[in-house]
S.K.: 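Take this structure first; my questions come after.
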Amino acid sequence: MIKMLVVDDEQDVEMLFSQRFRKELKNGEVLIHFAFSGEDALQFLRTLDPFDLVLVLSDINMPGMTGLELLRIIRTEFPTLRVMMVTAYGDQNNFDNAVAIGANDFVTKPVDFSLLKEKIYKLAP
Amino acid sequence: MKKIFPLLIILFCTLEGSAEGKLASSLRFGRISVDKGLSQSTVFCSYQDSQGFLWFGTDDGLNKYDGYNFEVYKFDPTDTKTLSNNSVHVIFEDSKKNLFVGTDLGLNLYNPQNGSFRRFQNIPGDPASISSNIISSIAEDKDGVVWIGTSKGLNALNTENFSFSVNHSNKANVSTLSSDVISCLLVDKSGTVWVGTASNGINAFDPKTKKCTRYTSIPGDKNSLSENDITTITQDRSGNLWIGTVNGGVNVMNVSSRQFIHYTTENGLSNNSIFSVLEDQEGIFWIGTLGGGLDALDRATGRTMNYKFDPLNLESISNNKVWSIFEDKASTLWFTTSDGISYFNRTIGKFVTHKVSQGEGGDANNSIFAVNEDHEGNIWVGVLGGGLNVFSRTDGRFVNERFPSLNNPLLRFNNIFAIEEDRTGMLWIGTADGLISYDRKSGAVTQFRHNPSDKFSLSNNYVRCIKEDKSGTLWIGTHGGGLNAFDRTQKKFKVYRNIPADATSLSADVVLTVCEDKDGQIWVGTYGGGLNKLDRTSGKFTSFHFDPNDSKTISSNFIHSIFQDALGKLWIGTYGGGINVFQPEDLSFIHYTENNGLPNNVVNGILSDEKGNLWVSTNNGVCKILPEKTSSNSMTSTRSYNLQDGLQNKLNENACCTGFGGWMFFGGSNGLNAFHPDSIHDNTAIPPVVITRFYLFEKPARMDTLISSEHKLELNYKQNFFSFEFAALNFILPAKNRYYIMMEGLDKDWIYRDNQRIATYTNIDPGHYTFRVKACNNDGVWNNEGIAIEITIEPPFYRTWWFTGLSALLITLLIFIYIRIRTNTLVKQNIVLEDKVNSRTAELQDKNIELTKTMDNLRSTQTQLVQSEKMASLGQLTAGIAHEIQNPLNFVNNFSELSVELLNEFETAPEPEQKEIVGDLKQNLEKIVLHGKRADSIVKGMLQHSRASSVQKQATDINKLVEEFFSLAYHGMRANDPGFNCAMQKQLDPKIPELTIIPQDISRVILNIFNNAFYAVDERKKSGEKNYQPTVSITTQLTGNKVRISIHDNGKGIAKDIRDKIFNPFFTTKPTGKGTGLGLSISYDIIVKGHGGEINVDSVPGEYSEFTVILPVKT
């Protein structure tokens, strides 16, 4: 089972992902936790059982801690954790930053879910 | 857990020695040569003067060194006040601070006041002149007579009148010198002058009676000198003389028996051509040879070592011809060679960071998360992604090739977090993929992994720590699976996990460290759940948590390391909370953090040395703590070491251990640090502080007596632009010296200058001042006394008291005369003026009519400008809107697509599932409507904003309006600058009723203020302030019949003089083109004139701005 943490400030992603991953959730292939801010995400990572993967949907647009800051902290506290970042189309600057900090993979917005699933399976240990 | 094997200890002593013995097999020399400014590379002699400057004599010039620069002195044929010759063989300062320089062509006396020399040369026929110009040696006897060895006899110099008298050899008289060709001199402790000659041995010369006793080589007598060609004489601390010869090695003369012992290549020397011998503070004899490099002899142990030039090692001695050896006041040894200067000090190069692997593509991973030493002294190192590696302390490198079984893929490629050797010699390796046992003799590797169907299997494959207790149980902490107790014989794991409902269970499932204390209790450090103590009989845990309201609780719930010291104190290293010491009496904790001198609050590991000092690794290097000096409110952190000391800064959690003989090993993100605490020495020498240069009007000025010796300086009032260059005379890593300066009379306090060595003063008023400098050496040892220069700046004549008095009198007189004349003139002028006023009044009335017309024109222009301001702010908004609208549209698209899929599923699904699908469909449709409306309202808002102003007021929810534009303004900012970020806080009063306002107008005002607020925090952020968190907050509040809307930002603030102008049209602080300057003036009109409200601003520059709009409830 792949245990995944999805981070975004839009609360409706929870419903969206639950439906998009309907089958996988039912079959027990994935387990998804949702965090609606970078701070919450860190709280989960520190206290819940270890995750296989973190998907940060908001690369820059979270009020408070940004996705990039979250990535930086994850890299120091959880060096082996895989992190996938979502970057806005054409935002080269943030893409480069995420590469430099050490994101493991990327998808662009709007998210193509079949591509996302493929990447998740490839990335999970 | 380390067992002691006596045989191995002996082995280590002989191999290592550096902890116990004083001679290391290799030394790390520093080098200084012509590239640093030295005048020539063949350096014959060195000397430190009473001020602390180092002097070097070369074959081409004399050099004065302050640790930063060389000042070179050379012969100049056109100037008789320069050095008499460039080949310098001896430098000597006598007790009267006369500095003599002996050359191949005369003796020189240095004048420190202006850097010139007085020459002493032989004048044929003058018996009071020096007897020869070839100077080899200088010494001073107890009566202050300076003795000068030349190629033609021994000269006594009377420094009262600078006259010489010579002592010659007379072959026939045995109580005269054995030869006139003198090579070296020494005044021993009893006052005897020892005279070494180039062909006839040595002489003991009595300066009072002028009588000599000769000692020469007698063929066949083993107790006589080995050779008669003498190069150097020195006396050791037990009184024996050490005599160097050109080809006969070293002779040691017993002062009482007057017999000689020979040290030659036959008993340990590397070469028999000796030019220098020195006994250092530690009792080591350093012997410089001409061709064989440097020899060191420890007389206590009889061990010798040879240090040679190695072209591949930049830290080897710079040349094998060593001309002189000299120890300075900071115990640095200076070796002058035929290729520059080499120096050695045991406080240099405290640490070395060993890289795990070089080569193999070069991208070797060096992040070490586990270190442990086995009973054979191998240091096992676990590398993130780089598997298990083995380090040899004796080789000072990784020696994986000695264990071929390390190539087993399970050991080679894993992420390793823990290593433990059990009592049977088996190595246990904790990896991110299970527990591994490794028999390094047979190479057998067994992996233990989690098996969901076996409750006695490992609870989780991510192993973070392993500890064998006294009973032989292995305790295994996992990242997510709690704690395991492993029974090696039964091969069974007993699992302890966190059960949320059970307060006596383990407090969290991520276990980073386990420690067994002296009483056999097991302490468990978790990541997130604090500290736990296991009661081994009941299997129950007592946990210790951080409580922000109780200062006696543990300071963090994230535990990195647990250590029990020799006194039984339990030290706990945390992530972010520093160190905690457990108080068993009341189960409380004492905290030590950055506030107490800890270099960093992330504590990764704690070790103790044999003296009981703690060595604590942090995210900013290692610090040494004396626990006995650590009380409940203070911690004595004697010393922190970091990158500058050769250590790595980021050390990893729990990656440390102590080894045989007290060695310590720390793993970090850049490799391994291995050291012995006793070999870490600080440079404790207090550095003298000197003025090295003085500049007037930015030009080097002569260093007068006033500065260099009497420390006084007198300047006239025109010379008020001057600079001092100063230096702390510390020659060990001088770049790390630091300085404070103060000009008393001008500065109230010391000014920190870091490593800046020049202080410049301009336009100083006449008066008395004291210029002070204090400094510290590379290891932070301060010379608080420093140096003080008294400065007097003489006032010009017109600033003297008598001149001031006279001038005042004169001025009073002039003013009195002026007033008298002026009064008369004014009376006359008044009459003329009255006429003029009448005629001007008529003209003004005409102008007034003209102005009214112009005014009308202006009004229409203003209306146009107002419209253009609206369009400008719209442009900024569009980008924000595009971004904002994308999110709801994404949801609409996604939920629509999903709904179609669900409908397709519905047709084939069994009945119970159909119900579920209908539920989801309904939800989806609701979401589509919701996000559709969200997009709709954004578009509406945009349209409303751009419409020309309408006069229609309507009932409006002010909170909703404010929220909407808060978000729009934020995304507008983001769209312009994706790097922008800001914390946004809202506090909206739900009691506010709907207000009758013109929503487009009010929203324009709000948007404008938000835009300004975001701009202000962004500017402050860009100014690079540390720890600055940009924050904009909005508060709405109903008080009485008024609504307050406050927008607060912690941006750069608005200066008071600007605050009054911001509501003026066209006033802007933004750069040209970034604002029209109309925003706030229009806002003012809208709020005050359009709605009968108020708009105010409050600000503290550099802290915050707050705009408040007050609207009446009934408008």
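Every chain is numbered from 1 and lettered A, B, ... according to where its sequence line falls, protein lines coming before strand lines. All values reported here derive from a predicted model rather than from experimental measurement. As a basis for the values below, the full set of heavy atoms in this structure was taken, side chains included, without hydrogen atoms, waters or symmetry mates.
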S.K.: To the closest 0.5 Å, what do you measure between NE2 (His479(B)) and CZ (Phe78(A))?
M.R.: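 Taking NE2 in His479(B) and CZ in Phe78(A), the distance rounds to 6.0 Å.
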
S.K.: Above 12 or not: heavy atoms from other molecules or residues under 6.0 Å from CD of Glu913(B)?
M.R.: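 Yes - once you tally the heavy atoms of other residues, nucleotides and ligands closer than 6.0 Å, there are more than 12.
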
S.K.: Could you check Gln19(A) against Asn894(B) for side chain to side chain contact (heavy atoms under 4.5 Å, CB included), going step by step and ending with a plain yes or no?
M.R.: CA-CA 10 Å; Gln19(A) 288 194 28; Asn894(B) 268 302; over 6 Å; no

S.K.: Quick check for you: among Asn619(B), Thr1031(B), Leu930(B), Asp920(B), which has the greatest number of heavy-atom pairs under 4.5 Å with chain A?
M.R.: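 Most heavy-atom pairs within the cutoff with chain A belong to Asp920(B).
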
S.K.: Take Asn890(B) and Val111(A) through the side chain to side chain contact (heavy atoms under 4.5 Å, CB included) test and state the conclusion after the steps.
M.R.: CA-CA 9 Å; Asn890(B) 267 337; Val111(A) 176; over 6 Å; no

S.K.: Salt bridge between Glu901(B) and Arg22(A), side-chain N to carboxylate O under 4.0 Å?
M.R.: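 Looking at Glu901(B) and Arg22(A), the cut-off is not met.
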
S.K.: Checking heavy atoms, do the side chain of Glu653(B), its backbone, both or neither come under 4.5 Å from chain A?
M.R.: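 Contact with chain A is absent: no heavy atom of Glu653(B) under 4.5 Å.
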
S.K.: With a 4.5 angstrom heavy-atom cut-off, could you sort out which part of Leu902(B) is near chain A: side chain, backbone, both or neither?
M.R.: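 The answer is the side chain of Leu902(B).
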
S.K.: List for me each residue that meets salt bridge (charged side-chain N to carboxylate O under 4.0 Å, His left out) alongside Glu118(A), sequence neighbours excluded, and say none if there are none.
M.R.: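 For Glu118(A), no residue satisfies salt bridge (charged side-chain N to carboxylate O under 4.0 Å, His left out) once neighbours in sequence are set aside.
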
S.K.: Working to the nearest 0.5 angstrom, can you tell me the gap between Lys650(B) NZ and Thr76(A) OG1?
M.R.: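 OG1 of Thr76(A) is found 8.0 Å from NZ of Lys650(B).
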
S.K.: Of all of Asn498(B), Leu889(B), Asn924(B), which one pairs up most often with chain A through heavy atoms under 4.5 Å apart?
M.R.: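 Most pairs with chain A among the choices: Asn924(B).
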
S.K.: What is the distance from atom OG1 of Thr47(A) to atom CG of Asp509(B), rounded to the nearest 0.5 Å?
M.R.: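 Thr47(A) OG1 to Asp509(B) CG: 11.0 Å, rounded to 0.5 Å.
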
S.K.: Between Thr80(A) and Tyr462(B), do the side chains contain a donor N or O and an acceptor N or O under 3.5 Å apart?
M.R.: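 Side-chain D/A pair, Tyr462(B) to Thr80(A): present.
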
S.K.: Which atoms of Asn893(B) come close to chain A, meaning under 4.5 Å heavy atom to heavy atom: side chain ones, backbone ones, both, or neither?
M.R.: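 Neither part.
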
S.K.: On the ring face of Tyr527(B), is Arg46(A) found with NZ or CZ under 6.0 Å from the centre and within 45° of the axis?
M.R.: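 No, cation not above the ring by the 6.0 Å, 45° rule.
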
S.K.: Checking Glu926(B) now: which residues fulfil salt bridge (charged side-chain N to carboxylate O under 4.0 Å, His left out) with it, not counting sequence neighbours?
M.R.: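 Checked Glu926(B) against salt bridge (charged side-chain N to carboxylate O under 4.0 Å, His left out); zero matches.
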
S.K.: Using non-hydrogen atoms only, which part of Gln985(B) is less than 4.5 Å away from chain A: side chain, backbone, both, or neither?
M.R.: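 Neither part.
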
S.K.: Could you tell me whether the side chain of Leu16(A) reaches within less than 4.5 Å of the side chain of Lys927(B), counting heavy atoms only?
M.R.: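 The answer is no; the side chains never approach within 4.5 Å.
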
S.K.: For the CZ atom of Phe895(B) and the CZ atom of Arg20(A), what is their distance to the nearest 0.5 Å?
M.R.: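 Spacing of CZ (Phe895(B)) from CZ (Arg20(A)) equals 9.0 Å.
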
